[in-house]
Structures are given as C-alpha cells and as structure tokens.
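Please find one structure pasted underneath; my questions will follow.
As the structure lists them, so they are numbered: ligands from 1, and atoms in each ligand from 1. Counting from 1, the numbers follow the sequence of the chain as shown. Reckoned from all heavy atoms, side chains included, excluding hydrogens, waters and symmetry mates.
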Amino acid sequence: MRPSIIALLAALTASPSLAADGARTFATVCRGCHAEASTPMAPTLKGVFAAKVAGRADFKYSPALTAKAGVWTAERLDAFLKSPAAFAPGTRMMISVSNPADRAAVIAYLQTLN
Ligand code: HEC
C-alpha cells in the first residue's frame, strides 16, 4: 500500500464518532452556559433529548420557550440550534450553530447526556 493510503486508513480508523465530534463542539460552544446542573444562566442539558421543551423545574425559562408544547426531537433541536430566535421568538438563548454538520454532531452528543 502507498503511504498516503495507509495514512488515510489510519485517519479513518481514528476518526471519532459523530457524538464525539459533538462533545468537542459542546465543550467549546455550549458548556460555558450549560453546566452539569442548572444555573441561573442556563438549564442543564442532561436528559434534554426527548424531554419536554422548557420542562425542567430547576430553571426559569423565558415565556417564549415555555409556550412551546411537546418534546425535543432531533428535528426540533436542529431548528432551535439553527436559529433559536426563529424557533422561539423571545428566547433567552442567543447563540446558534450555523453549520448543519456541527448541529447534527451536537444533537448526537445531546442524546448521550443522561
Ligand atoms: C450564552 C449562554 C448559552 C449558550 C452558549 C448556549 N445556550 Fe442553550 N440555552 C441558554 C438559555 C438561557 C436557555 C433557556 C432559553 C429560554 O428560556 O428561552 C437555553 C436553552 C437551551 C435548550 C432547551 C433546554 C430545555 O430544557 O428545554 C437547549 C436544547 C439548548 N439550550 C442547547 C444548547 C446547545 C446545544 C448549545 C451549544 C451549541 C447552547 N445551548 C449554548 C443559554 C445558552
């Protein structure tokens, strides 16, 4: 095998899973606000996947997010992370994730947070 192919195979083998990519993005972009436990700044995201939107009792959500019915599916998380303000006008979450692949990875990671 040519060295470049060996290098490629090594890279693919070492390539972390989608959730691991998401963990890195989460650590850089989200963890500053979303900690292990809810704080006045943001709710914890433990168990958020498939949970009721704005459903935690230990965080005071905006009326905008509280008004949303239903649970967090992958599709709704994608819409929220793409544009929180479009998903829930008036939400207190201001940051968005513009890259679809980054959103998919973060959502995969959120599914591992229990
Ligand atoms: C600057 C602080 C901040 C950052 C950074 C941030 N968030 Fe948030 N997030 C919030 C706040 C505040 C809320 C509650 C919003 C509301 O009540 O309207 C929230 C709510 C959420 C919710 C809904 C939680 C629930 O219980 O329904 C999800 C999901 C979420 N954020 C995901 C993320 C992800 C993923 C990232 C990183 C890409 C991120 N957030 C980065 C502040 C932040």
Side-chain angles (χ1 to χ4, degrees):
M1 266 193 283
R2 287 164 44 207
S4 60
I5 294 174
I6 294 168
L8 176 65
L9 287 176
L12 287 176
T13 310
S15 169
S17 68
L18 194 61
D21 284 348
R24 263 196 301 282
T25 303
F26 188 87
T28 344
V29 188
C30 318
R31 194 170 288 152
C33 290
H34 293 286
E36 287 282 300
S38 296
T39 66
M41 194 158 48
T44 180
L45 295 181
K46 276 189 180 171
V48 74
F49 191 85
K52 190 180 175 317
V53 175
R56 298 194 64 90
D58 60 7
F59 183 78
K60 195 170 176 351
Y61 295 93
S62 65
L65 206 58
T66 308
K68 289 275 170 187
V71 300
W72 284 118
T73 60
E75 289 73 19
R76 295 183 97 196
L77 284 167
D78 188 65
F80 181 59
L81 294 176
K82 184 177 178 187
S83 174
F87 181 86
T91 180
R92 284 173 50 207
M93 181 157 134
M94 301 294 175
I95 81 119
S96 60
V97 181
S98 56
N99 183 315
D102 287 346
R103 288 200 301 274
V106 165
I107 292 164
Y109 174 67
L110 289 179
Q111 292 181 55
T112 71
L113 280 187
N114 293 308

Under 6.0 Å from the NZ atom of Lys60, do we count more than 12 heavy atoms belonging to anything else shown? no
Set of residues satisfying side chain to side chain donor-acceptor pair (under 3.5 Å) with respect to Asp58, sequence neighbours excluded: Ser38, Arg56
Residues forming a side chain to side chain contact (heavy atoms under 4.5 Å, CB included) with Val29, sequence neighbours excluded: Thr25, Ile95
Just by modelled atom types, is the Ser62 backbone N or O under 3.5 Å from a matching donor or acceptor in the Arg92 side chain? no
Applying ring pair (Phe, Tyr, Trp, His ring centres under 6.0 Å), name anything that partners Phe49, two or more places apart in sequence or on another chain. none
Report each N/O pair between ligand 1 and the protein that falls under 3.5 Å, naming both atoms.
unit_1	atom_1	unit_2	atom_2	d
ligand 1	7 (N)	His34	NE2	2.7
ligand 1	9 (N)	His34	NE2	2.8
ligand 1	17 (O)	Ser62	N	2.8
ligand 1	17 (O)	Ser62	OG	3.4
ligand 1	18 (O)	Ser62	OG	2.5
ligand 1	18 (O)	Thr91	OG1	2.7
ligand 1	18 (O)	Arg92	N	3.0
ligand 1	26 (O)	Tyr61	OH	2.6
ligand 1	27 (O)	Ala54	N	2.8
ligand 1	27 (O)	Trp72	NE1	2.7
ligand 1	31 (N)	His34	NE2	2.9
ligand 1	40 (N)	His34	NE2	2.8

Count the heavy atoms belonging to other residues, nucleotides or ligands that lie under 6.0 Å from NZ of Lys68, then report whether that count exceeds 12. yes
